[in-house]
> 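Take this structure first; my questions come after.
We count ligands from 1, going down the list as the structure has it; atoms in each ligand are counted the same way.
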Amino acid sequence: MNIVDIIVKTKRGVKLCREEINWMVENYVNEAIHDYQISAWLMAVCFNSLSEEETFYLTEAMRDSGDKLDMSGVAGVTVDKHSTGGIGDKTSLVIAPVCAACGLHVPKMSGRGLGFTGGTIDKLESIEGFRVNVEFQDYINIINKNGAAIIAQSGHLVPADKKLYALRDVTGTVDSIPLICSSIMSKKLATGADCILLDVKTGSGAFMKTPEEASKLAELMVKVGKSCKKNCRAVITDMNEPLGNAVGNSLEVIEACNILAGKQKDRLYELCIILAANMLELGGMGDYDECIKMAKEKIDNGEALKKFGDMIEAQGGNRKAAIDYSLFKQPKYKYEVVSDTDGYVCAINSEEIGMAALMTGAGRKSKNDSIDPTAGIILNKHVGDYVKKGELMMTLYSSTVSDMKPAAERAFGAVTLNHEKTAARPIVIDTVK
Ligand code: URA
């Protein structure tokens with residue numbers, strides 16, 4: 001086989017067979033095919049796309065490029081959840097303990113954030129002592145004992161995606177539906193859960209800017225998951241404004257604790273309940289309405305918050321952090337942004353809020369940067385709210401950036417005020433089964 005022939009086939013829209021895709025992935029991982037050749041192929045995919053079969057073959061070849069986890073040591077059905085990435089998305093921190101409190105097993109391997117998107121692992125590391133690097137057998141033991149564990153992806157899982165994703169990042173080839181699908185699904189399939197819930201985000205802070213694109217990605221991912229014998233479902237959710245009030249690592253963990261404590265019943269709470277209910281239903285815990293009720297009950301009766309405490313303790317942190325927020329590192333600097341005019345909030349550009357949070361130190365500009373766990377933004381107003389001139393819109397926090405004026409200007413610039421009230425969009429747009 002020859003990589004030039006493969007590039008030319010994709011350039012002309014001629015379908016590749018399984019053997020060609022396997023050969024290409026294997027030889028790219030072994031470094032027998034060069035980055036510049038795969039770059040050309042990736043660009044051809046961006047222009048001509050791949051068929052469903054080709055995407056399926058690519059996903060399997062990527063999945064099989066490294067280790068695959070055997071989750072048979074978990075005593076029960078396992079359900080994983082993956083979000084395609086959003087601003088202020090701390091739903092995993094809520095859903096894992098809610099589902100575990102309902103009796104489900106939730107194994108979750110998460111990533112770190114890069115750029116304006118936050119990573120669940122960075123968020124958890126803002127809890128003092130919390131270990132995200134856990135040996136595989138300990139991971140299984142914790143899941144069997146507590147029902148859930150969230151750890152960093154480790155070992156030799158899907159090396160093909162590590163190489164391909166890094167290359168896509170620097171060649172302008174990230175935003176291709178078959179490439180996103182194979183990247184996400186190869187990792188989900190390698191981490192071995194029985195059922196997978198996908199939260200496909202759409203809007204200003206998401207890869208998929210329109211619901212139509214998000215539906216295409218969701219349908220493809222569900223098909224690929226099902227072809228690999230996984231019980232798979234996708235929920236398409238709105239990312240046209242940041243999710244919840246907090247953007248930034250410890251701020252988001254604290255917000256997740258507020259949701260688990262039943263103190264915050266907003267759009268974020270609504271999404272967490274819907275995602276948890278979908279996971280519970282996928283895991284065979286009841287029909288959808290029963291699962292909604294169950295998830296709400298576990299928050300109202302305190303069991304979900306207690307479960308989060310168990311998860312923190314099992315991974316080396318102080319369980320009291322879930323209820324005593326003074327145990328988090330406190331930010332050194334604070335900057336309040338007040339409105340310079342009256343009006344209704346009609347839009348908050350998520351990506352811009354993410355970029356402003358990055359300027360406070362909450363994220364990484366490049367892979368090896370360290371992050372400031374105390375940094376980020378609390379939004380006091382959301383789409384549909386009325387703001388008076390001089391009223392508090394948002395507060396920025398940092399321990400590393402003393403002059404937050406530029407970040408504040410960027411964050412305030414993300415908000416559009418208008419005389420007419422805009423209704424908040426529904427948080428869930430569609431479900432793909
Ligand atoms: N997340 C991934 O893991 N891969 C992509 O291609 C896009 C988002």
> Tell me yes or no: between the side chains of Tyr28 and Asp35, is some donor less than 3.5 Å from an acceptor?
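Tyr28 vs Asp35: donor-acceptor pair found between side chains.
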> Should Glu31 and Lys163 count as an ion pair when the cut-off is N to O under 4.0 Å?
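Result for this pair is yes, salt bridge flagged.
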> To check your reading of the model: name the closest protein heavy atom to atom 8 (C) of ligand 1, its residue, and the distance in Å.
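Result for atom 8 (C) of ligand 1: Phe207 CE1, 3.3 Å.
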> Taking N or O atoms only and a 3.5 Å limit, does Arg168 qualify as a polar contact for ligand 1?
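So ligand 1 has an N or O lying under 3.5 Å from an N or O of Arg168.
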> Please identify which atoms of ligand 1 are closer than 4.0 Å to at least one heavy atom of Tyr165.
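Within the 4.0 Å cut-off of Tyr165, ligand 1 contributes 4 (N), 5 (C), 6 (O), 7 (C).
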> Identify the closest protein heavy atom to atom 1 (N) of ligand 1: which residue and atom is it, and at what distance?
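Looking at atom 1 (N) of ligand 1, the protein heavy atom closest to it is Ile184 CG1, 3.8 Å.
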> Find all atoms of ligand 1 within a distance of less than 4.0 Å from any non-hydrogen atom belonging to Ser183, and give their numbers and elements.
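Those atoms are 2 (C), 3 (O), 4 (N), 5 (C), 6 (O).
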> Can you find a non-hydrogen atom of Val174 under 4.0 Å from ligand 1?
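False for this residue.
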> What I want to find out is whether Lys201 reaches Asp199 closely enough, with some N-O distance under 4.0 Å, to be called a salt bridge.
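Asp199 and Lys201: salt-bridged.
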> Do NZ/NE/NH1/NH2 and the carboxylate oxygens of Lys145 and Asp310 come within less than 4.0 Å?
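Not counted as a salt bridge, because no side-chain N and carboxylate O are separated by less than 4.0 Å.
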> Is there a donor-acceptor contact under 3.5 Å linking the side chains of Ser186 and Asp161?
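Their side chains do not contain a donor-acceptor pair, so the 3.5 Å distance test is not met.
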> Please compare Lys188, Lys187, Met185 and report which has the shortest non-hydrogen distance to atom 3 (O) of ligand 1.
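It is Lys187 that holds the nearest heavy atom.
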> For the pair Lys9 and Glu20, find out whether any cationic side-chain nitrogen is under 4.0 Å from an anionic carboxylate oxygen.
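Salt bridge between Lys9 and Glu20, a charged N being under 4.0 Å from a carboxylate O: yes.
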> If you measure every N or O of His82 against every N or O of ligand 1, does any of those distances drop under 3.5 Å?
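No, there is no polar N/O contact under 3.5 Å.
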